[in-house]
Amino acid sequence: MMALAGIPLGLNFRFLDPSAHACAGPLGKLHRAEFSDLLAVQAMASEIDVATFDFENVPADSARSLASARTFHPCVNALEDCQDRLLEKRLLRSLAIPVAEFQPVSSRTGLLDAVEKIGLPAVLKIRRLGYDGKGQVLLNQHEDLEPAWQALGQSDLILEAFVPFTAECSLIAVRNEPGEVRFWPLTKNAHGNGVLLLSRPGVLGADLQAQAEDTVGKLLAHWDYVGVLAVEFFILQGRLLVNEMAPRVHNSGHWTLDASVTSQFENHLRAICGIPLGDTTMTDHALMFNWISEMPEMRHLLLEQGLHWHDYGKNPRPGRKLGHATLVARNESDLMRGAARIAQGLGGRWPELLARLDGRS
Ligand code: AMP
């Protein structure tokens, strides 16, 4: 999606990916190698002016190697801070940004101590490489501790207090080298089993938007950040707590392709290439559906006027995100009527998820 946004700007792309079927492959030269292959990283560096990444499990050594050879955005510090939930939470706390109570855990007795301090319910998570609810276990009672330790105890862990949130949301921002910052409207998100399924921007009001912008602005300034940054929040009694951060274009910002003057992908490229930033105003009411594990039947759904389809061309795998669709409409009632028709047509959990997204926050 980033390359698709950059080609009209006259940019050329090189991609590093271990898979011969990398979905960006047709859009530029594919360097097929492991992300940790420093020789491949340097070979690619010799062919480019600017490097970036679109998922945060890039090994820090590869990032440093690229950054030593070429302009590299966002900075390696931001990448490393966001790769480790403990570093992430400590940074947030040091900037006086509200987060759930947390404790590092590296042993069975450490887990008991952490539960003693934080109480139950709590969420035990692996510190690194976890995403979409993977590598985490909800602890409701003391009997849950041993199975959770058995499941996750080989990794470094963090215990977080369970947040009884009313809703989840995310803010996407972009900052360029001179320090100009733009925000998209806060996006309300509904997850199923920890995986983002529905997103609706622009419905959370000015107060939450201001809180989120204040928080994200502090992080951007801290890292002297260049590019797109996404921050996910819990909403609890009208206040925001940060759940996690992603130093990259983000799942919950894909709607910007179809309902914003400038998409997150285009603005990320503009920021890292020194091109003036584009307008982040929403152009329509929008609601995004994520397609996980399998793509639904497209022809029937596209009878819905205003639905934009994005098939990533990925091989289906249980739990894998394969695409998304964004419904846009001129007004809220048309949007929600169309969304209800789509959710009914999809069946399963979709009507309930839509009702949850539409509920109070
Ligand atoms: P994560 O991978 O940390 O973003 O977690 C995935 C999802 O699990 C979140 O979007 C929440 O729905 C839920 N979750 C994670 N941590 C907590 C927490 N401390 N309290 C309540 N729910 C959580």
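In listed order, ligands and their atoms are each counted from 1.
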If you measure from each non-hydrogen atom of [X] to ligand 1, which part falls under 4.0 Å: side chain, backbone, both or neither?
| X | result |
| --- | --- |
| Val123 | side chain |
| Lys125 | side chain |
| Asn189 | neither |
| Ala161 | backbone |

- Query: What orientation do Trp350 and Phe289 show, parallel under 30°, tilted 30 to 60°, or perpendicular over 60°?
  - Reply: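 Aromatic pair Trp350/Phe289 classed tilted.
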- Item | Parallel, tilted or perpendicular: ring planes of Phe165 versus Phe234, cut at 30 and 60 degrees |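 Aromatic pair Phe165/Phe234 classed parallel.
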Find all atoms of ligand 1 within a distance of less than 4.0 Å from any non-hydrogen atom belonging to [X], and give their numbers and elements.
| X | result |
| --- | --- |
| His191 | 10 (O) |
| Glu168 | 9 (C), 10 (O), 11 (C), 12 (O) |
| Phe165 | 12 (O), 21 (C), 22 (N) |

- With a 4.0 Å cut-off on heavy atoms, is Lys134 touching ligand 1?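 No, Lys134 has no heavy atoms under 4.0 Å from ligand 1.
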- Do Asp17 and Ser19 get their side chains close enough for a donor-acceptor pair, meaning under 3.5 Å? no
- Item | Flag for Trp255-Thr187: side-chain donor and acceptor within less than 3.5 Å | yes
- Query: Any N/O of Phe162 closer than 3.5 Å to an N/O of ligand 1?
  - Reply: no
- Message: Please determine whether salt bridge (charged side-chain N to carboxylate O under 4.0 Å, His left out) holds for the pair Arg70 and Glu47, giving the CA-CA distance in whole Å, both sets of side-chain angles, and the decisive distance to 0.1 Å.
- Response: CA-CA 10 Å; Arg70 289 290 177 264; Glu47 297 181 7; over 6 Å; no
- Side chains of Leu269 and Leu11: closer than 4.5 Å at any heavy-atom pair? yes
- Message: Among Gly135, Ala122, Gly194, which one puts a heavy atom closest to atom 7 (C) of ligand 1?
- Response: Gly194
- Dump the intermediate steps for salt bridge (charged side-chain N to carboxylate O under 4.0 Å, His left out) on Arg108 and Glu146, then the final yes or no. CA-CA 8 Å; Arg108 260 197 186 83; Glu146 185 52 31; 2.7 Å; yes
